[in-house]
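This report concerns only the one structure given below.
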Amino acid sequence: MAVEKKTEKKTLIFNAHLVDKQTDADGAILISGGLIEAVFLGDYTAEEKARALAPDAELFNAEGRTLMPSFIDMHVHFRYPGQTQKEDLDTGLASAAAGGFGTVVLMPNTLPVVSSAQLAAQIKAEAESRGLCEVFQTMSLTRDFSGKDTTHLDDIDSEKIPVITEDGRDVASAAVMREAMEKAAQNGVIVSCHSEDVALAQAAKPYRAEALALRKRGGAEGAEIEEKIDENLRQANALLALAEDTATERNIEIARSAGCRVHIAHCSTARSIDAVRRAKAEGMTVTAEVTPHHFALTADSREGLRAIVNPPLRSEDDRRALIEALRDGTADVISTDHAPHTAADKESGSPGFVGLETAFAAANTVLVKEACFSLSKVSALMSANPAEILGLNKGLLRPSLRADLVLVDEDEAWTVHGADGKSKGKATVFEGKTLTGKVHATWFGGRLVFRG
Ligand code: NCD
Ligand code: ZN
């Protein structure tokens with residue numbers, strides 16, 4: 001019997017608008033063996049014309065929608081191991097695929113804390129075995145978040161662990177932070193900083209606790225209680241702004257002294273992003289991320305003030321500064337800080353919201369439709385730039401790169417309902433809001449992993 005050569009089926013996505021950091025044109029993309037085989041620019045609306053490009057390929061009609069490189073998220077919490085009541089690998093990865101993400105960087109604030117290369121490798125392997133997304137697992141800056149011991153970083157391998165972080169908190173001691181950053185510098189690892197002065201964050205806690213207690217009491221006193229709740233939250237936020245501003249400066253200065261690559265996570269204030277701008281002007285290797293919630297929403301409304309998240313939503317001036325930083329290149333990437341919690345945990349004040357499934361829509365609505373960014377710029381912020389920071393050969397529509405692709409409708413409006421999402425976390429800061437821009441399909445390594 002003749003041995004039949006197994007040929008992998010090719011796919012041609014035609015009738016598409018192609019957008020990446022460098023491209024904004026109509027065209028078609030041929031996928032083969034998990035990679036982008038060819039990018040065709042031109043009008044391939046007609047099926048016959050498309051078929052002539054690759055007669056043996058399966059056709060996928062994009063119906064005029066926009067095909068982009070999948071998004072890359074440098075800040076995600078999947079809560080595995082140890083907190084899978086909030087999220088698990090299956091729901092987290094399904095949420096990533098539904099949001100158009102092909103790469104995620106997982107934070108180490110799990111149970112136990114990820115403080116060994118072995119645990120990180122195990123989580124990565126388990127997550128990637130699902131075939132939905134490329135996954136990088138960060139390790140903590142101090143062992144088990146002790147705030148003291150950095151011996152677990154002695155021979156860290158940047159190929160396996162490109163990023164380390166204490167996310168969820170900062171490292172209180174500047175001396176310990178310096179030790180961690182020196183080890184990162186020696187091994188070529190990026191230090192992602194949750195910049196928040198520990199003592200000031202501690203000082204903010206009673207205000208948040210008081211707001212929560214007042215909210216639970218609720219009832220008779222009405223407007224007066226509501227105003228007291230808001231006043232407590234304003235006090236907390238003022239302390240948390242100072243905590244971010246001072247810690248961002250500190251972390252940049254320590255990184256400068258250690259000579260390490262530093263990434264400022266979830267920049268939320270005008271002053272902290274300006275510290276990044278100054279450091280960049282001085283030639284430092286510093287990068288920064290901004291989350292969709294911080295560039296889309298503010299604490300100026302009661303609803304925004306009461307959204308419990310770290311860092312908190314800020315003022316309209318801060319929000320505008322973040323948008324200008326994204327525009328002028330001070331902020332390099334959009335990261336979601338996808339932080340799922342159970343409904344009960346949200347009730348009792350756990351900070352954070354899900355974000356993977358609304359990230360593109362928020363960026364498209366606020367940055368493209370309102371602030372007049374090009375969609376290419378958004379693609380740079382969500383794909384090409386994070387790929388470059390992480391040293392990944394992806395994030396562009398280019399032959400020989402992995403076929404991690406997302407098909408979006410730039411003009412489709414939809415109303416966010418957390419309950420409809422794939423994540424276990426149902427609390428979204430965009431609940432009930434109408435956003436423009438919808439993810440319709442996601443391919444990972446050429447395989448269709450989401451169809452919406
Ligand atoms: C994050 C979480 O829940 O793990 N919460 C949040 O409010 N952002 C921690 C973090 O990213 O700081
Ligand atoms: Zn954080």
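Atoms within each ligand, like the ligands themselves, are counted from 1 in listed order.
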Min heavy-atom dist Arg169 to ligand 1 below 4.0 Å: no
Atom 11 (O) of ligand 1 sits nearest the protein heavy atom Asp167 OD2, 2.7 Å
Quiz question: by atom type and distance under 3.5 Å, do the side chains of His194 and Glu166 form a donor-acceptor pair? no
Looking only at protein heavy atoms, what sits closest to atom 7 (O) of ligand 1 is Asn310 N, 2.8 Å
Please check whether Pro351 reaches ligand 1 - meaning an N/O of the residue sits under 3.5 Å from an N/O of the ligand, judged on distance alone. yes
Heteroatom of His194 nearest to the Zn ion (ligand 2) (N, O or S, atom name): ND1
Between Ser383 and Pro69, is there a donor-acceptor pair closer than 3.5 Å when you use the side chain of the first and the backbone of the second? yes
What N, O or S atom of Asp167 is found closest to the Zn ion (ligand 2)? OD1
Taking side-chain contact (heavy atoms from CB on, under 4.5 Å) as the criterion, tell me which of Thr336, Val439, Asp404 meets it with Phe101. Thr336
Working for side chain to side chain contact (heavy atoms under 4.5 Å, CB included), residues Arg261 and Ile389: CA-CA 10 Å; Arg261 290 172 63 194; Ile389 293 169; 4.2 Å; yes
Over 60° means perpendicular and under 30° means parallel, so classify the ring planes of His266 and His75, tilted if in between. tilted
In terms of atom number and element, which parts of ligand 1 are under 4.0 angstrom from non-hydrogen atoms of His75? 11 (O)
Which of the ligand 1 atoms, numbered from 1, are nearer than 4.0 Å to a heavy atom of His341: 3 (O)
Ion pair present between Glu282 and Arg278, side-chain N to carboxylate O less than 4.0 angstrom? no
Using a 4.0 Å heavy-atom cut-off, which part of Asn109 comes near ligand 1: side chain, backbone, both, or neither? side chain
Can you check whether Pro311's main-chain N or O pairs, donor with acceptor, with His294's side chain at less than 3.5 Å? yes
For His266, is the nearest heavy atom under 4.0 Å from an atom of ligand 1? yes
Top protein contact for atom 8 (N) of ligand 1, by heavy-atom distance: Asp337 OD2, 2.7 Å
Measure Met107 to ligand 1 on non-hydrogen atoms and call it side chain, backbone, both or neither using the 4.0 Å cut-off. neither
Looking just at side-chain N and O atoms, do Thr415 and Thr434 make a donor-acceptor pair shorter than 3.5 Å? yes
Which of the atoms in ligand 1, numbered in the order shown and given with their element, are less than 4.0 Å from a heavy-atom of Gly168? 9 (C), 10 (C), 12 (O)
Could you go through the side chain to side chain contact (heavy atoms under 4.5 Å, CB included) check for Met74 and Ser192 one step at a time? CA-CA 9 Å; Met74 290 184 64; Ser192 173; over 6 Å; no
Side chains of His17 and Glu410: donor-acceptor distance under 3.5 Å anywhere? no
Option nearest atom 2 (C) of ligand 1 (shortest heavy-atom distance, choices Arg79, Glu196, His293, Gln83): Arg79
Taking 4.0 angstrom as the limit and counting only heavy atoms of Val309, give me the atoms of ligand 1 inside it, by number and element. 7 (O)
Between Thr23 and Asp20 (side chain of the first, backbone of the second, donor and acceptor by atom type, cut-off under 3.5 Å), is there such a pair? no
Under 4.0 Å from one or more heavy atoms of Gly352, ligand 1 contributes atoms 6 (C), 7 (O)
Please check if the side chain of Glu87 supplies one atom and the backbone of His77 the other of a donor-acceptor pair under 3.5 Å. no
Nearest non-hydrogen protein atom to atom 1 (C) of ligand 1, with distance, is His77 NE2, 3.7 Å
With a 4.0 Å heavy-atom cut-off (strictly under), which part of Ala339 contacts ligand 1: side chain, backbone, both or neither? side chain
Give the atom name of whichever N/O/S atom in His266 sits closest to the Zn ion (ligand 2). NE2
